[in-house]
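When a residue number appears, it is its place in the shown sequence, counting from 1.
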Amino acid sequence: MAVRVALAAIVACLALPQAVAARPLLGVTGNPDRFQRLTGQHSTVVQKVVGWEQGDTWGSPFGDLFATMGDVPLLAMTMNAKSGAPAIDSRRIANGAGDAYLATLSRAISTWGKQIYVRPFFEADAFWSSYCAFTRGGGSKGAAVSTAAFRKAFARTYLILHGGPAARLNAALRRLGMPALRGGDLPENPAPRLKVIWSPQAYAVPELAANQPEQYYPGDAYVDVVGNTLYAEPRIKWREQEAYYKRYAKKPFAIAEWALWHTDDPQYIRDMARFARSHRRLELLVYDAGKPGSLFDLAVRPRSLAAYRASIVPLAG
């Protein structure tokens, strides 16, 4: 009997999902056709960045936009207007001022009816983001963009995008200390069809205790995927990414932006492939291709291009 039990335990262990190698979805920010000609990669995911109310009042319906974004769109959102100036802030979103726009996006996601990622208010712990709570020098930007306001804004955005009956949404908002939804019932957009990515940087800028990524975390109930940005800067933040990955061990992980930074660095490419193979919760890896000739462009960095073809493209299986 003991032998049979031991054998059963071994078989069960072998059947666990942990034994399966990670196969992240590969994606690109930029022109997917050019990137495929360059690397041979079919980008399942195409990321586009939109400012506040783009796809609504900017004259480009969300459905038309999604149709240009590969098999699985990745919509990254800021709080900025078309001009680049802030259009709204965290406190106003938390208080419901953005509900009409978010509800329009929620309905468009329902109409799309296929897998999609949304990445609201990324790089929140970086001073260059209008919704970061701190300036480059470490000064507060004020209560309207505090980390507490951001957490509420993100949670409200998550609830509206996933949709559902107004009564249920309003009960959830009330528990979080926010006003009721400005509108009625919304269509349901359940995970995994819609996944909302919470995506600050593992390395906060400025590097203050009050500006660390966890200060912006809205809670497990309002995050589907944890994301990071990791460029090949002079000091690549591998150590910070590893700690960040471990901190949110219950969540799938995404590297929603990564790219070279001026230099031709094939080791960075190979190290990213190694990270992807060894971290099974990684489900999304999106290269920022930039424009031709940019500091990210693989076309003008032949050693890194060869490394990408050899080590990243095969990750898709």
Side-chain angles (χ1 to χ4, degrees), residues 22-30 43-50 69-70 72-79 90 105 109 115-126 128-129 131-132 147 150-151 153-155 157-158 161-162 189 191-205 211-233 236-259 261 271-273 275-276 278-289 296 312 315:
R23 291 290 185 184
L25 296 178
L26 298 183
V28 65
T29 305
S43 297
T44 302
V45 175
V46 175
Q47 176 168 227
K48 292 192 176 180
V49 179
V50 296
M69 297 171 66
V72 181
L74 168 53
L75 186 72
M77 302 169 59
T78 75
M79 297 185 193
S90 296
L105 175 54
I109 291 167
Q115 186 178 3
I116 185 170
Y117 291 93
V118 179
R119 185 184 171 218
F121 323 137
F122 55 94
E123 297 180 358
D125 56 353
W128 52 82
S129 299
Y131 36 87
C132 178
T147 56
F150 181 90
R151 292 192 299 269
F154 196 98
T157 298
Y158 179 96
L161 294 185
H162 275 293
N189 294 314
R193 182 164 57 79
L194 164 65
K195 289 189 177 182
V196 175
I197 303 175
W198 172 76
S199 184
Q201 297 187 131
Y203 181 76
V205 186
N211 193 46
Q212 292 305 301
E214 58 267 24
Q215 301 295 332
Y216 295 85
Y217 192 66
D220 287 347
Y222 312 103
V223 172
D224 297 320
V225 179
V226 168
N228 189 30
T229 298
L230 189 70
Y231 286 90
E233 299 173 88
I236 304 169
K237 313 303 190 297
W238 292 113
R239 186 183 70 239
E240 289 85 350
Q241 175 162 277
E242 189 67 36
Y244 183 64
Y245 179 89
K246 291 176 179 177
R247 183 179 301 125
Y248 301 100
K250 295 180 180 180
K251 293 293 181 182
F253 196 74
I255 300 175
E257 287 184 45
W258 71 287
W261 196 268
D271 288 343
M272 186 64 77
F275 181 92
S278 60
H279 293 71
R280 64 173 302 276
R281 287 186 289 109
L282 181 69
E283 70 171 59
L284 192 60
L285 187 60
V286 182
Y287 190 86
D288 187 353
F296 312 138
I312 298 295
L315 292 172

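Tested against K195 for a side chain to side chain contact (heavy atoms under 4.5 Å, CB included), the candidates V225, N189, L284 yield a single pass: V225. Among I197, I109, D224, the one residue that satisfies the side chain to side chain contact (heavy atoms under 4.5 Å, CB included) test with V118 is I109.
When all heavy atoms of P24 and A276 are compared, the closest pair comes out as CG-CB, 4.5 Å. When every heavy atom of Y222 is checked against every heavy atom of A155, the shortest pair comes out as CG-CB, 3.8 Å. Across all non-hydrogen atoms, the minimal contact from A204 to N211 is CB-O, 3.2 Å.
Y216 has its side chain out of reach of F154: every pair of non-hydrogen atoms, C-beta onward, lies at least 4.5 Å apart. With contacts defined as side-chain heavy-atom distances shorter than 4.5 Å, the pair Y245/F275 qualifies. Within the 4.5 Å cutoff, side-chain heavy atoms of W238 are placed close to those of L230. Using a 4.5 Å heavy-atom cutoff, the side chains of D125 and Y203 are not in contact.
Checking side-chain atoms of E257 against main-chain N and O of D288 turns up no donor-acceptor pair under 3.5 Å. For R119 (side chain) and M77 (main-chain N/O), no donor-acceptor pair under 3.5 Å exists by modelled atom type. Remark: the backbone N or O of A153 is not paired with any side-chain donor or acceptor of S90 at under 3.5 angstrom. Panel note: side chain H162, backbone Y158; no donor-acceptor pair is recorded below 3.5 Å.
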Does the side-chain contact (heavy atoms from CB on, under 4.5 Å) test come out yes or no for Q47 and Y117, once each step is laid out? CA-CA 9 Å; Q47 176 168 227; Y117 291 93; over 6 Å; no
side-chain contact (heavy atoms from CB on, under 4.5 Å) between L26 and Y287, worked out: CA-CA 8 Å; L26 298 183; Y287 190 86; over 6 Å; no
Determine, stepwise, if the pair Y217 / Y248 fulfils ring-ring contact (aromatic ring centres under 6.0 Å, His included). CA-CA 10 Å; Y217 192 66; Y248 301 100; 4.8 Å; yes
Apply side-chain contact (heavy atoms from CB on, under 4.5 Å) to the pair L25 and Q115, showing each step before the final yes or no. CA-CA 12 Å; L25 296 178; Q115 186 178 3; 4.1 Å; yes
Would you check, one step at a time, whether the test side-chain contact (heavy atoms from CB on, under 4.5 Å) holds for I255 with M272? CA-CA 10 Å; I255 300 175; M272 186 64 77; 3.5 Å; yes
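In this structure, CZ in R151 is found 10.5 Å from CD in E214, a value given to the nearest 0.5 Å. Distance check: L194 CG to L105 CG gives 8.5 Å after rounding to the nearest 0.5 Å.
In this structure A202 satisfies the side chain to side chain contact (heavy atoms under 4.5 Å, CB included) test together with N228, E240, Y244, sequence neighbours excluded. Listed by chain and number, the residues in a salt bridge (charged side-chain N to carboxylate O under 4.0 Å, His left out) with K251 amount to none (sequence neighbours excluded).
Aromatic ring centroids of W258 and Y231 lie 6.0 Å or more apart.
Below 30°, between 30° and 60°, or above 60°: for F296 and W261 the angle between ring planes is between 30° and 60°, a tilted geometry.
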